[in-house]
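Here the structure comes first, spelled out in structure tokens, and everything after it is commentary.
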Number of protein chains: 2
Amino acid sequence: MKEKELVHSIHYYFMAVLRLRQNLKQRVQRKLIDLGYEDITLEMTQVLYYLHFDAEGEANQQEIADNIGKNKSSLTSLIDNLSKREMIKRNINPKNRRNNIITLTKKGKKFMEEFLPVVYKTYNTSKLSMTLKDINNLTQTLNSFIEI
Amino acid sequence: MKEKELVHSIHYYFMAVLRLRQNLKQRVQRKLIDLGYEDITLEMTQVLYYLHFDAEGEANQQEIADNIGKNKSSLTSLIDNLSKREMIKRNINPKNRRNNIITLTKKGKKFMEEFLPVVYKTYNTSKLSMTLKDINNLTQTLNSFIEI
DNA sequence: TATAAACAGTTTGTATTCAAACTGTTTTAG
DNA sequence: CTAAAACAGTTTGAATACAAACTGTTTATA
């Protein structure tokens with residue numbers, strides 16, 4: 001009997017994770033539309049954030065993929081789509097022709113500057129009386145479930 | 001300065017949610033492959049679970065969509081794919097020809113019986129010394145972020 | 001009782017995801 | 001120095017997701 005309960009609890013946990021992700025995506029999408037970036041997706045912002053903050057504006061696709069947790073064929077399409085939108089540039093690395101060097105364009109940098117202040121308004125943290133620490137704790141809890 | 005930290009914390013929270021979902025999907029997918037159901041997806045199990053436990057074996061597409069949190073066009077493809085795999089049957093409701101009545105097939109029921117005991121082994125809860133209560137609490141926390 | 005509105009599902013078009021197979025480049029080893 | 005292995009990306013094919021436009025059916029309303 002305990003086991004059956006557990007099964008259902010775990011199932012509901014699964015559903016919560018799937019829903020949370022969908023909900024998050026929709027919230028961010030709405031903010032992006034408000035900003036006039038209706039053709040930019042949450043996933044694209046992952047790439048742009050990485051380039052802007054973690055890679056000092058330049059990285060190859062494999063590196064981006066590893067860091068944002070996607071596989072390399074997903075990256076190919078993401079980079080294709082970001083290229084079309086002129087947010088990044090894709091150049092072959094002349095020193096190692098296997099690599100593409102991805103760089104943020106001016107438009108990409110401008111986007112990040114406009115997007116960032118809006119991100120943290122996705123949830124009204126002050127109304128929720130959530131602190132930085134609360135958020136970091138939750139993130140840590142979520143990450144701990146990944147690493148198990 | 002506090003605000004900038006918040007922006008990044010929220011960004012990392014986003015990333016954690018996306019990763020957790022990917023990780024979960026992969027874990028379940030592996031279990032499904034072990035069971036010999038390599039062509040069944042996590043999303044399909046959402047539909048099958050709903051039909052089996054919450055709908056007493058029968059529901060229309062809109063009802064399923066509302067309950068598992070997907071939009072109706074997503075449901076159309078899910079039902080198409082579950083039909084191909086003979087896990088469910090789609091029949092027009094003669095009493096209201098706008099509705100499709102979705103029913104679990106024998107194969108679908110058998111699947112659920114085999115799948116369920118395996119779900120809760122996705123995470124080794126005993127090793128993690130996690131109780132039913134811990135899981136339910138986490139689920140509640142996640143859901144609270146959806147409702148905000 | 002027509003006509004409009006509401007409802008359930010499908011189709012279309014675009015984006016994402018990923019494994020597997022593939023191309024081309026670079027490195028390693030014999 | 002050449003063949004094999006490793007590496008970075010792309011392509012392909014199948015699944016999911018969702019908005020918007022569409023078809024048919026039922027219900028409401030004027």
Side-chain angles (χ1 to χ4, degrees), chain A residues 14-15 17-30 32-33 37-47 59-85 87-88 90-102, chain B residues 17-30 32-33 37-47 59-85 87-88 90-102:
Chain A
F14 286 2
M15 300 306 100
V17 173
L18 297 192
R19 275 205 187 129
L20 183 58
R21 184 256 187 180
Q22 276 172 1
N23 184 268
L24 188 66
K25 200 164 148 62
Q26 282 163 12
R27 278 168 194 267
V28 172
Q29 221 64 58
R30 278 198 297 272
L32 286 166
I33 290 169
Y37 290 107
E38 60 284 327
D39 61 347
I40 301 297
T41 64
L42 174 60
E43 291 77 10
M44 292 177 192
T45 72
Q46 286 187 273
V47 175
N60 68 50
Q61 296 185 199
Q62 189 62 60
E63 184 190 334
I64 300 171
D66 291 343
N67 276 281
I68 68 175
K70 302 198 187 296
N71 98 1
K72 60 185 179 174
S73 54
S74 302
L75 242 286
T76 299
S77 351
L78 272 175
I79 295 297
D80 284 348
N81 287 325
L82 280 166
S83 262
K84 270 190 231 157
R85 290 155 177 80
M87 291 298 201
I88 56 130
R90 172 200 257 144
N91 293 305
I92 294 174
N93 182 349
K95 289 183 187 164
N96 185 342
R97 297 175 44 75
R98 286 174 298 187
N99 287 293
N100 289 340
I101 299 180
I102 311 298
Chain B
V17 173
L18 298 193
R19 274 205 188 130
L20 182 58
R21 183 257 188 180
Q22 275 172 1
N23 183 268
L24 188 65
K25 198 163 149 62
Q26 282 163 12
R27 278 168 195 267
V28 173
Q29 221 64 58
R30 278 198 296 271
L32 286 165
I33 289 168
Y37 289 108
E38 61 283 327
D39 61 347
I40 301 297
T41 64
L42 175 59
E43 291 78 10
M44 292 177 192
T45 71
Q46 287 187 270
V47 175
N60 68 49
Q61 296 185 198
Q62 189 62 59
E63 183 190 335
I64 300 172
D66 292 343
N67 276 282
I68 68 175
K70 303 199 187 293
N71 98 1
K72 59 184 179 176
S73 54
S74 303
L75 242 286
T76 298
S77 358
L78 269 175
I79 295 297
D80 284 348
N81 286 326
L82 280 165
S83 262
K84 270 189 230 158
R85 290 158 178 77
M87 292 299 201
I88 55 131
R90 172 201 258 144
N91 293 305
I92 294 173
N93 182 349
K95 289 182 186 165
N96 185 343
R97 298 175 46 73
R98 286 176 297 187
N99 288 293
N100 288 340
I101 298 179
I102 311 300

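All values below come from the heavy atoms of this structure, side chains included, with hydrogens, waters and symmetry mates left out. A, B, ... follow the sequence lines: proteins, then strands. Residue 1 opens every chain.
- For C:dC18, neither phosphate oxygen OP1 nor OP2 lies less than 4.0 angstrom from any side-chain nitrogen or oxygen of B:Gln29.
- Contact between the side-chain N/O atoms of B:Arg90 and the OP1/OP2 oxygens of C:dT10 is found at a separation under 4.0 Å.
- With hydrogens and angles ignored, a donor-acceptor pair closer than 3.5 Å exists between the side chain of B:Ser73 and the base of D:dA19.
- Atom pair A:Ile102:CD1 and D:dA8:P shows a separation of 13 Å (rounding to whole Å applied).
- Side-chain nitrogen and oxygen atoms of A:Arg85 include at least one within less than 4.0 Å of the OP1 or OP2 phosphate oxygen of C:dA15.
- Here the side chain of A:Lys70 is nearest to one of C:dT25, C:dG9, C:dT17, namely C:dT17.
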Should A:Leu18 and B:Ile68 be marked as a side chain to side chain contact (heavy atoms under 4.5 Å, CB included) after you check the CA-CA gap, both sets of side-chain angles, and the distance that decides it?
-> CA-CA 9 Å; A:Leu18 297 192; B:Ile68 68 175; over 6 Å; no

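- Between the P atom of C:dT14 and the CG atom of A:Leu78 lies a distance of 17 Å, rounded to the nearest Å.
- Looking at every heavy atom in both residues, B:Leu42 comes nearest to B:Gln29 through N-OE1, 3.9 Å.
- A:Asp39 comes within 4.0 angstrom of nothing in the nucleic acid, heavy atoms only.
- The distance between atom CD of A:Gln26 and atom C1' of D:dA17, rounded to the nearest whole Å, is 10 Å.
- Residues A:Val47 and A:Met87 are not in side-chain contact: their nearest non-hydrogen atoms beyond the backbone lie 4.5 Å or more apart.
- Contact between the side-chain N/O atoms of B:Lys84 and the OP1/OP2 oxygens of D:dA14 is not found at any separation under 4.0 Å.
- In this structure, the CG atom of B:Asp80 is 16 Å from the P atom of D:dC18, given to the nearest Å.
- A:Arg90 pairs in a side-chain contact (heavy atoms from CB on, under 4.5 Å) with only one of the listed residues (A:Leu82, A:Asn60, A:Asp80), which is A:Asp80.
- Of all nucleotides listed (D:dT10, D:dT16, C:dC18), D:dT16 comes nearest to the side chain of B:Met44.
- Using a 4.0 Å cut-off, no side-chain N or O of A:Asn96 falls inside it from OP1 or OP2 of D:dA8.
- Side-chain proximity of A:Arg98 to the nucleotides C:dT26, C:dA15, D:dA15 is greatest for C:dT26.
- Using a 4.0 Å cut-off, no side-chain N or O of B:Thr41 falls inside it from OP1 or OP2 of D:dA15.
- Between the CD atom of A:Gln61 and the P atom of D:dC7 there is a distance of 17 Å, rounded to whole Å.
- When rounded to the nearest whole Å, the span between CZ of A:Arg21 and P of C:dT17 equals 7 Å.
- Not one side-chain nitrogen or oxygen of B:Gln62 sits closer than 4.0 Å to the OP1 or OP2 atom of C:dC7.
- Put simply, B:Asn100 has a side-chain N or O that comes within less than 4.0 Å of OP1 or OP2 on C:dT10.
- Looking at B:Arg27, B:Arg21, B:Arg19, B:Gln26 one by one, the single match for side chain to side chain donor-acceptor pair (under 3.5 Å) with B:Asn23 turns out to be B:Arg27.
- For A:Asn99 and D:dG9, the shortest distance from a side-chain N or O to OP1 or OP2 is below 4.0 Å.
- As a whole-Å value, the separation of A:Leu32 CG from C:dA15 P is 14 Å.
- Annotation: side chain of A:Gln61 is not in contact with side chain of A:Lys72 (no heavy-atom distance under 4.5 Å).
- In this model, the phosphate group of D:dT16 is not approached by any side-chain N or O of A:Gln22 to a distance below 4.0 Å at OP1 or OP2.
- Side-chain atoms of B:Ser77 stay outside donor-acceptor range of the base of D:dA17, with no qualifying N/O pair under 3.5 Å.
- Take the nearest nucleotide of DNA chain C for B:Leu75 and for B:Leu18: the residue whose nucleotide is more 5' is B:Leu75.
- The side chain of B:Lys72 lies closest to C:dT10, out of C:dT10, D:dT16, C:dT25.
- Picking from D:dT10, C:dG9, D:dT25 the nucleotide with the shortest atom distance to the side chain of B:Thr76 gives C:dG9.
- Distance B:Glu38 CD to C:dA19 C1': 13 Å, rounded to the nearest Å.
- Counting only distance, with no hydrogens or angles, the side chain of B:Asn99 and the backbone of B:Ile101 share no donor-acceptor pair below 3.5 Å.
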